[in-house]
Amino acid sequence: RPAAHGGAVARGTGRATGRVRGRAVGGGGEYERATQMTWHPDIPEAYRNQIVTGDARALAAQIPDESIDLIFTDPVYERIEDYAWLAETAARVLKPNSACLAFCSIAQLPETLAAMSQSLSYRWQFIEYRTNEVKHRHAPGGKCVYAPLLWFDKGKRRPSFVLDVRAVAVHTSKSNHLWSKPPITIMYYLTAFSQTEAVVYDPFVGGGTTAVIAKTSGRNFIASEIDPTRAAAARTRLENTQAMHPLFVTDQAELDLSAA
């Protein structure tokens with residue numbers, strides 16, 4: 001893997017909903033609070049903290065330049081053109097020194113990196129080794145136990161202390177979406193790369209997990225899903241999710257990750 005960025009690299013242990021082990025990369029403390037967390041006045045009201053039905057390409061045209069604090073998404077892995085579009089859009093809508101995080105396939109990793117690197121700067125790959133999940137797809141001669149999470153930057157984003165390799169035992173419900181990621185995974189990285197009241201954008205929200213985690217952790221969000229049935233189910237899930245209480249601590253720099 002490419003060499004580490006400017007932050008310190010250390011070994012650490014902790015627990016989320018299972019045992020977590022790995023190397024830690026990053027800032028070791030507070031976020032670099034480069035921008036004020038607030039809605040851009042030109043973001044449509046219909047987008048604010050909503051899951052919108054429609055094609056992400058058309059909907060993103062209404063998002064103003066430099067109005068998003070973090071992009072966190074999980075595109076269809078085989079559609080490399082979606083990753084190229086994602087990076088191009090991120091370069092426009094992200095605020096300076098903000099990150100774009102995207103899950104991808106191991107099989108398409110070289111093509112995905114090349115597509116996104118046309119518009120953004122590659123920083124790192126995060127690996128979550130799922131100790132209780134083994135997939136035989138896309139693993140010639142071996143077993144697939146993780147999906148890469150790629151970190152690209154517009155400028156240079158420094159998150160809070162975050163593990164780049166984690167071993168986690170999770171049971172992921174597929175009731176919301178076939179390819180849904182564990183909520184604890186989304187929570188871990190979303191809170192590492194954003195602060196409360198930040199605006200998080202997920203153009204391929206699927207079952208709505210990013211929106212749900214943003215709501216429960218005190219972030220604002222914009223989300224879209226092209227499939228009407230899936231979008232409606234995600235909105236119902238979101239409506240049944242309680243927003244964060246203002247007294248709760250939700251920045252990862254202050255979370256106790258050693259708790260069971």
Side-chain angles (χ1 to χ4, degrees), residues 16 26-27 29-52 56 59-60 63-64 66-74 86 89-90 93-103 126 149 151-155 157-162 176-177 180-225 231 234-235 237-257:
E30 292 298 316
Y31 299 105
E32 289 185 351
R33 302 176 185 270
T35 55
Q36 185 178 4
M37 302 296 112
T38 184
W39 287 107
H40 189 288
D42 294 333
I43 291 179
E45 290 288 341
Y47 285 15
R48 302 185 183 194
N49 295 327
Q50 299 295 325
I51 297 174
V52 184
L59 296 171
I63 298 178
E66 299 189 350
S67 61
I68 301 297
D69 297 296
L70 171 67
I71 294 178
F72 194 4
T73 192
D74 188 11
L86 174 67
T89 300
V93 304
L94 281 175
K95 296 176 182 177
N97 301 317
S98 296
C100 176
L101 305 179
F103 289 99
F126 296 109
L149 176 63
W151 169 15
F152 280 83
D153 263 348
K154 175 183 178 179
R157 175 67 176 172
R158 186 176 180 179
S160 68
F161 192 82
V162 58
N176 298 302
H177 191 279
S180 180
K181 298 297 184 295
I184 189 63
T185 297
I186 306 301
M187 174 69 82
Y188 182 82
Y189 294 107
L190 189 148
T191 55
F193 280 86
S194 68
Q195 63 191 78
T196 52
E197 299 185 7
V199 179
V200 180
Y201 176 40
D202 186 348
F204 308 108
V205 77
T209 302
T210 302
V212 166
I213 296 303
K215 182 177 180 179
T216 58
S217 63
R219 275 71 176 167
N220 296 302
F221 66 89
I222 299 172
S224 61
E225 169 56 42
R235 280 191 290 270
R237 180 187 178 194
L238 184 66
E239 291 169 0
N240 292 330
T241 299
Q242 185 173 353
M244 181 201 74
H245 190 282
L247 295 180
F248 288 176
V249 175
T250 54
D251 283 348
Q252 193 198 74
E254 302 176 14
L255 287 176
D256 181 8
L257 296 178

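Shown here are the ring pair (Phe, Tyr, Trp, His ring centres under 6.0 Å) partners of Phe221, two or more places apart in sequence or in another chain: there are none. Applying the ring pair (Phe, Tyr, Trp, His ring centres under 6.0 Å) rule to Phe204 yields the partners Trp85; only residues at least two apart in sequence or on another chain are considered. Under the salt bridge (charged side-chain N to carboxylate O under 4.0 Å, His left out) criterion, Glu45 pairs with Arg48, sequence neighbours left out. In terms of the side-chain hydrogen bond (donor to acceptor under 3.5 Å, both in side chains) criterion, residue partners of Asn49 (sequence neighbours excluded) are, by chain and number, Asn220. Here Pro64 pairs with His40, Asp42, Ile43, Ser67 under the side chain to side chain contact (heavy atoms under 4.5 Å, CB included) rule; sequence neighbours left out. Here Ser224 pairs with nothing under the side-chain hydrogen bond (donor to acceptor under 3.5 Å, both in side chains) rule; sequence neighbours left out.
Between the side chain of Asp69 and the backbone N or O of Val199 there is at least one donor-acceptor pair closer than 3.5 Å. A donor-acceptor contact shorter than 3.5 Å is absent between the side chain of Arg219 and the backbone of Ala198.
At least one side-chain heavy atom of Phe103 sits under 4.5 Å from a side-chain heavy atom of Thr185.
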**Request:** Using the side-chain contact (heavy atoms from CB on, under 4.5 Å) rule, take Ile186 and Val212 through it: C-alpha gap first, then chi angles, then the decisive distance, then the call.
**Result:** CA-CA 10 Å; Ile186 306 301; Val212 166; over 6 Å; no
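The CD1 atom of Ile222 sits 4.0 Å away from atom CD1 of Ile68, with the distance rounded to the nearest 0.5 Å.
Annotation: Phe193 is not in aromatic contact with Phe72 [ring centroid separation under 6.0 Å not met].
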